[in-house]
Amino acid sequence: MRKYILILVVVFIGTQVYAQDTNVKVKHVQKGDLVESTYFYADGNIQQKGTFNKDGKLHGTWTSFDAIGNKVAVGKYENGKKVGKWTFWVDGDVKQVSYVDSKITRVTQKDKSSSL
């Protein structure tokens, strides 16, 4: 199960953050030591948003959305590494994946009607 979740997470976040799609528009705003970045779908809806540190590494909370605006993932990076509890909404289920230094330490799945 962890292997499946890990593959899903790596594919999803990797393709979303580093998308090479020419239709994706990006907005960067300097906020102190961080750069707040927002990636947009071709239709203008937000694809994902989060911040980079001064070294250009993912840092802080990142949120990803599907093409119609539903939240599909929320998680936190510290110096480019996944940390803490990430939440994924997949096919009506909620999956929580805990990370330490980008390594999965725990996976929990709840159905859509459960509260987190």
Margin query: Assigning hydrophobic clusters by single linkage (Ile, Leu, Val, Met, Phe, Trp, Tyr; side-chain heavy-atom cutoff under 4.5 Å), is Val90 placed with Tyr99?
Written below: yes
Notebook entry, point to check: Going from CD on Glu36 to NZ on Lys27, what distance comes out if it is rounded to the nearest 0.5 angstrom?
Noted result: 8.0 Å
Next item on the list: Identify, with sequence neighbours excluded, every residue that meets side chain to side chain contact (heavy atoms under 4.5 Å, CB included) alongside Lys71.
Entry: Thr63, Phe65, Val74, Trp89
Notebook entry, point to check: Atom CD of Gln109 and atom CZ of Phe88: how far apart are they, to the nearest 0.5 Å?
Noted result: 12.5 Å
Notebook entry, point to check: How would you list, by chain and number, every residue that makes a side chain to side chain contact (heavy atoms under 4.5 Å, CB included) with Asp66, sequence neighbours excluded?
Noted result: Ile68, Asn70, Val72
Item checked: Partners meeting side chain to side chain contact (heavy atoms under 4.5 Å, CB included) with Asp43 (sequence neighbours left out) -> Tyr41, Asn45
Item checked: Counterpart residues, side-chain hydrogen bond (donor to acceptor under 3.5 Å, both in side chains), relative to Asp101 (two or more places apart) -> Lys81
Next item on the list: Evaluate the ring planes of Trp62 and Tyr39, with Trp represented by its six-membered ring, and classify them as parallel (under 30°), tilted (30 to 60°) or perpendicular (over 60°).
Entry: tilted
Next item on the list: Indicate, with yes or no, if Leu34 and Leu58 share a hydrophobic cluster defined by side-chain heavy-atom contacts under 4.5 Å among Ile, Leu, Val, Met, Phe, Trp and Tyr.
Entry: no
Margin query: Quick check: closest heavy atoms across Ser102 and Gly80, and the distance to 0.1 Å?
Written below: OG-O, 4.4 Å
Notebook entry, point to check: So which pairs with a foot in residues 52-61 pass side chain to side chain donor-acceptor pair (under 3.5 Å), sequence neighbours left out?
Noted result: Asn53-Asn79
Next item on the list: Kindly compute the distance separating CD (Gln47) from OG (Ser64), expressed to the nearest 0.5 Å.
Entry: 7.5 Å
Margin query: Between Trp86 (side chain only) and Ser98 (backbone N and O only), is there a donor and an acceptor less than 3.5 Å apart?
Written below: no
Next item on the list: For Thr51, enumerate each residue passing the side-chain hydrogen bond (donor to acceptor under 3.5 Å, both in side chains) test, keeping only those at least two apart in sequence or located in another chain.
Entry: none
Item checked: side chain to side chain contact (heavy atoms under 4.5 Å, CB included) involving Val100 - partner list, sequence neighbours excluded -> Thr105
